[in-house]
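To start, the structure itself, in structure tokens.
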Amino acid sequence: MTCRHAISLLEDYVDNELSAEQTALVEQHVSSCLRCREHFTKSKLLKERMSGFFAPPRSAEQWEQTTQLILARSQEPPPAFYRVQRDRTSQARYGLIRSAVSLAVSIFVLVSAMLIGSNHQDQISDSNQPDIPFLVTASLYPEMKLDRTVITVAEQEQLTKGMLLLGPPGCLGRSLLLADLLTELETQ
Amino acid sequence: MNKSIPELVTSFIAGDQRAFEDLVRRFQKRIYSLAYHILGNHFDADEVTQETFVRVFKRRKELHNVNYFSTFLARVATNYSIDLLRKRKIQRSVAEDSATLPGNVQLDLARRVSTPAQDLESKRIMLEIQSALDELPPKQRITVILHDIEGYSKAEISAMFECPQATVRSNLHIARSKLRKILKSRPGPKE
């Protein structure tokens with residue numbers, strides 16, 4: 001047996017986990033090799049010291065106190081800030097239901113928005129029905145100094161074109177020009 | 001009448017409070033010792049001991065094999081000790097005075113006819129080993145504590161952590177090798 005082989009079996013030899021044959025071979029090698037013998041001696045000594053390593057002793061009263069605390073704590077309800085743990089099955093089921101409801105609500109909102117948008121688009125683009133009332137937006141109302149909040153679709157289209165031509169809000173004279181435009185539309 | 005551990009565990013799972021108390025009295029010292037070696041002080045070891053049994057009480061329905069109760073206990077204790085170690089980021093405090101020497105060493109010292117110098121040397125070696133254990137990574141430290149100090153077999157440790165025995169063997173061998181190197185590198189009389 002080589003030194004390398006013997007050292008590879010060192011820990012198992014110290015743990016008495018070698019076969020009888022392997023143990024005999026290791027012991028034969030160790031008896032004739034000083035270096036390996038030193039190695040084995042140190043390993044065995046370390047293990048012996050570790051196995052004699054106990055925690056500090058405690059009195060009988062201390063052990064009894066720990067026992068009573070364990071028994072008391074095991075009967076306590078869980079602390080208020082910890083949620084009661086549901087079992088995994090009901091947690092998974094609850095999560096699935098929540099996901100399904102969220103998905104259904106999202107689909108409903110999306111479809112509704114699409115329908116409303118579609119109707120609104122139809123109203124705006126339908127130039128054959130210029131008299132359909134159109135609510136003036138909150139941003140447009142003060143800018144145009146309107147005395148009414150409802151204008152027709154046709155008026156809205158004209159105003160939009162005019163606003164595009166006149167530039168963004170704040171341009172000099174824009175409000176006056178828009179007011180004139182509306183007056184002109186009214187007199188038509 | 002003295003019931004066997006499997007009988008007590010079976011009764012405990014069924015809800016017998018007296019069986020639980022009996023199990024606590026039988027196993028608390030071992031769990032305390034394990035926690036003490038990992039954490040290094042009485043207060044944390046006591047906390048781990050209490051919390052381990054409380055957790056086992058609440059998880060008693062998970063005990064499928066009554067013969068593996070001690071392994072289950074040790075696993076819960078070790079995992080909680082590791083969590084506590086991480087939270088507090090403590091180094092194991094090393095006992096400096098003889099009043100906190102390991103009990104077995106105290107008894108041994110009392111029985112032996114030894115000189116004060118020899119007693120002091122034994123104490124110093126114990127402190128060196130405790131300090132060297134501190135330098136090991138948690139997994140290796142716990143493996144060597146469970147195997148060499150607490151006496152759990154590799155099979156039990158493997159079942160505890162649900163890892164192959166070869167992994168346990170490897171961690172143990174590496175830990176011992178590191179301990180020897182650490183102790184060799186320190187000044188003073190060698191082990």
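Here is how names work: the chains are called A, B, and so on, in the same order as the sequence lines, proteins then strands, and each is numbered from 1.
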- Task: For T41(A), enumerate each residue passing the side-chain contact (heavy atoms from CB on, under 4.5 Å) test, keeping only those at least two apart in sequence or located in another chain.
- Result: R37(A)

- Message: Among residues at least two apart in sequence or on other chains, which ones pass side-chain contact (heavy atoms from CB on, under 4.5 Å) with T23(A)?
- Response: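 Checked T23(A) against side-chain contact (heavy atoms from CB on, under 4.5 Å); matches are Y13(A), L18(A), E27(A).
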
Are [Y] and [X] co-members of a hydrophobic cluster defined by side-chain heavy atoms under 4.5 Å apart?
X	Y	result
M160(B)	L34(B)	yes
Y80(B)	I145(B)	yes
F53(B)	W63(A)	no
Y152(B)	L133(B)	yes
L136(B)	V168(B)	yes

- Item | Option passing side-chain hydrogen bond (donor to acceptor under 3.5 Å, both in side chains) with E11(A) (candidates R176(B), H173(B), R169(B)) |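 Going through R176(B), H173(B), R169(B) one by one, the side-chain hydrogen bond (donor to acceptor under 3.5 Å, both in side chains) with E11(A) is satisfied by R176(B) alone.
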
- Electrostatic pair K58(B):E76(A) at N-O distance under 4.0 angstrom: no

- Electrostatic pair E38(A):R180(B) at N-O distance under 4.0 angstrom: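 No, this pair does not count.
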
- Query: In this structure, are over 12 heavy atoms from other groups packed under 6.0 Å from E21(A) atom CD?
  - Reply: no

- Message: Using the rule given for side chain to side chain contact (heavy atoms under 4.5 Å, CB included), can you reason through E17(A) versus K154(B), listing the C-alpha separation, both sets of side-chain angles and the distance that settles it, and then say yes or no?
- Response: CA-CA 11 Å; E17(A) 289 180 0; K154(B) 293 188 180 80; 2.8 Å; yes

- If you tally heavy-atom pairs under 4.5 Å against chain B, which of E64(A), Q75(A), R73(A) wins?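 Looking at each option in turn, the highest pair count goes to R73(A).
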
- Flag the one option from L10(A), D12(A), L69(A) with the top tally of heavy-atom pairs under 4.5 Å to chain B. D12(A)

If you compare all heavy atoms of [X] against all heavy atoms of [Y], which two are closest, and at what distance to 0.1 Å?
X	Y	result
T49(B)	T66(A)	CG2-CG2, 4.2 Å
D148(B)	K47(A)	OD1-CE, 3.9 Å
I70(A)	V54(B)	O-CG2, 4.1 Å
S74(A)	F57(B)	O-CE2, 3.3 Å

- Message: Under 3.5 Å, is there a donor on one side chain and an acceptor on the other for T67(A) and Q28(B)?
- Response: yes

- Task: List the steps, then state whether side chain to side chain contact (heavy atoms under 4.5 Å, CB included) holds for D46(B) with Q62(A).
- Result: CA-CA 10 Å; D46(B) 197 47; Q62(A) 286 176 311; over 6 Å; no

- In sequence, state the C-alpha distance, the side-chain angles, and the governing distance for L71(A) and Q17(B), and then conclude on side chain to side chain contact (heavy atoms under 4.5 Å, CB included). CA-CA 9 Å; L71(A) 296 174; Q17(B) 189 66 16; 4.0 Å; yes

- Query: Do H42(B) and R58(A) come within less than 4.5 Å of each other through their side chains, counting heavy atoms only?
  - Reply: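 The answer is yes; the side chains approach within 4.5 Å.
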
- Note on the structure: Okay, Q65(A) and chain B: the region with an atom under 4.5 Å from a heavy atom over there is neither

- Structural part of E48(A) lying under 4.5 Å from a heavy atom of chain B: neither

- Does any heavy atom of chain A fall under 4.5 Å from the side chain of E51(B), the backbone, both, or neither of them?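 It is both, since atoms from each part get that close.
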
- Query: What distance separates Q68(A) CD from E21(B) CD, expressed to the nearest 0.5 Å?
  - Reply: 6.0 Å

